[in-house]
Amino acid sequence: MKKLLLSTAIVGAVAFAPASQAADLQVNVGGFLDFQAGYVSDDIVGEENSGVAAQNDANEINFNNDTEVSVSVTGKADNGLEYGAVIELEADIANSDDSADNGGNADKTYLFAQGGWGRVELGGNTGAEEALSVNTSTFASATGGVDGDFYHYSATPASPTTRFLTAPDLALADAGNGSAISTFTGNEDATKVTYYSPRVSGFQAGISYIPNTDSVGTNYPQEVGYENIFTGGVNYAGDFSGVGVKAAVTAIRGGDSEKDSVQTQDLEGWDVGANLTYAGFTLGGSYGDWGDTLGVAVDADYYDIGLGYESGPYSASVTYLSSEVNSAGSKDEFDNLVIGADYALAPGLVPYAEVSFFEYNDATGTGVANDNDGTVFIVGSQLTF
Amino acid sequence: MKKLFITASLLLVAACGAIEEGEVDAKNFPKDHEDSRRERKGKLTGEDGLNVFGKEKDNDKSGGVGVNSFLWRATLDTIGFMPILTADPFGGVITTDWYEDPAAQGERFKINALILDSKLRSDGVKVTVFKQLREGDSWRDAPVSAETGRAMEDKILTRARELRVSQLGR
């Protein structure tokens with residue numbers, strides 16, 4: 001019944017426009033290459049007896065090179081229907097983010113169709129809740145402030161009950177951001193169907209349906225992952241006498257999955273955020289609550305706040321995130337203060353620098369295995385073409 | 001759960017064709033924060049990136065002209081009833097010589113038409129009209145209402161759109 005309605009709706013949306021001659025078909029190739037050099041000074045990486053044996057002799061200096069080549073095909077029919085496909089291929093030599101942020105071969109692959117009625121995306125792309133959300137990442141400089149790349153260089157404490165929220169994201173997007181929740185599985189770009197409404201009086205809404213958070217590309221039915229997830233949100237963008245306002249409310253809700261007769265918890269969460277922009281300055285933040293995702297007796301939430309400044313090719317930002325996973329009184333806390341700046345040397349050529357002061361504070365004790373306190377320095381340059 | 005799903009799909013179907021205000025633009029759709037960040041900083045290859053197939057939208061410089069070819073052709077068609085003095089396809093400038101309409105003796109006109117862009121835009125052509133009135137043996141400059149220039153621009157734009165539509169139909 002569900003499947004029938006879904007396919008009818010999709011067919012209805014795409015086929016309502018009568019078949020017409022394709023015109024203005026374009027194929028564009030683009031991509032980016034990001035080179036980063038990072039240095040971490042914390043209690044785990046390169047430290048003996050940190051409780052994370054795998055990091056004892058790790059190098060505190062690390063280079064990262066993230067590369068993607070994307071092909072986009074767009075066409076516009078005479079009746080105004082725009083359609084196409086986007087294929088973002090991963091061109092990394094190897095990638096640790098394969099299982100959660102992107103895939104082995106590609107980051108995003110999807111079909112889209114849009115017109116005056118809105119936009120539909122079918123395939124592997126970010127969900128509506130992440131795309132519509134507003135938080136410090138909406139304006140942060142360099143790698144994204146508290147939503148940035150510091151986690152490529154720092155280490156998560158090893159305690160078996162360790163669960164930290166390290167980014168201003170709800171569960172699915174968090175998975176794609178170096179999640180420090182070891183029990184969560186899922187890919188940010190799991191195959192989904194998304195609909196965005198047009199922006200009407202500043203408001204835009206969107207909704208995504210994901211049958212299985214672990215399902216990416218083509219695969220066979222499997223028992224892992226959260227099932228039947230709905231995500232969505234409403235975003236507002238407007239201007240009031242020179243003050244730009246952006247705000248959003250987003251949420252995720254889904255069924256649990258059962259693996260080997262063991263039920264995992266339902267996936268849920270909501271987030272609200274806003275940004276105010278005036279004379280080049282942007283003040284923004286958000287608050288998110290994971291509901292019972294990590295357990296009925298577990299309260300997990302975060303908030304982030306930041307200030308950014310942009311003037312011509314320069315931009316800088318200071319952002320702060322604080323989160324807590326409270327399991328019956330025992331709290332796993334994470335704090336992060338990130339200062340970053342970048343400069344657009346040419347359109348698409350942006351060198352940047354960022355420093356992040358982070359602290360993981362595990363509830364179960366103050367032993368070295370449970371906490372981590374440190375600083376990450378990142379210098380890099382991104383080329384977008 | 002089921003109710004939410006049914007509502008969502010009904011909304012989807014109902015929304016088709018109903019909304020006209022606030023179009024979702026191909027370049028301006030919601031994307032994740034990383035992609036938005038990259039987009040804010042621009043691209044080396046320009047707005048559309050490297051085009052490997054197909055014309056860039058409305059950006060037709062084909063036919064050996066440096067400006068929008070529809071506007072160029074349309075301007076020539078519209079003001080071609082007057083003798084053309086100069087026509088520069090790369091700068092996008094067409095000027096005519098003085099022309100006295102046999103039906104309106106004693107006044108003559110000259111037109112400068114500037115095509116400003118390679119895109120077919122409503123402000124992509126600018127027309128200036130000059131008028132002279134005969135006084136005895138010499139001609140004296142006379143004022144021209146701004147509406148004349150605008151009316152010519154509108155005619156050119158209409159013709160340009162006709163040309164574009166007829167080309168797409170092929």
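Chain naming here is simple, since letters A, B, ... match the order of the sequence lines and numbering starts at 1 in each.
In this structure, the portion of A/Gln382 lying under 4.5 Å from any heavy atom of chain B is its side chain and not its backbone. A/Val29 touches chain B through backbone and side chain together, each having a heavy atom under 4.5 Å away. Residue contact with chain B, scored on non-hydrogen atoms closer than 4.5 Å, involves the backbone and the side chain of A/Ser133 alike. Heavy atoms of A/Ala142 lying under 4.5 Å from chain B belong exclusively to its backbone. Residue contact with chain B, scored on non-hydrogen atoms closer than 4.5 Å, involves the backbone and the side chain of A/Thr384 alike. Proximity to chain B is absent for every atom of A/Asp34, based on heavy atoms less than 4.5 angstrom apart.
Contacts classified as ring pair (Phe, Tyr, Trp, His ring centres under 6.0 Å) and involving residues 107-142 of chain B (residues at least two apart or in different chains) are not found.
Interatomic distance, B/His33 NE2 to A/Thr136 OG1, rounded to the nearest 0.5 Å: 8.5 Å.
In terms of non-hydrogen atom pairs under 4.5 Å with chain B, the most contact-rich of A/Gly30, A/Ser137, A/Ala128 is A/Ser137.
Side-chain contact check for B/Lys43 versus A/Pro347: every heavy-atom pair is 4.5 Å or farther apart.
Residues B/Arg37 and A/Thr143 have side chains that never bring a donor and an acceptor to within less than 3.5 angstrom of each other.
Applying the ring-ring contact (aromatic ring centres under 6.0 Å, His included) rule to A/Phe385 yields no partners; only residues at least two apart in sequence or on another chain are considered.
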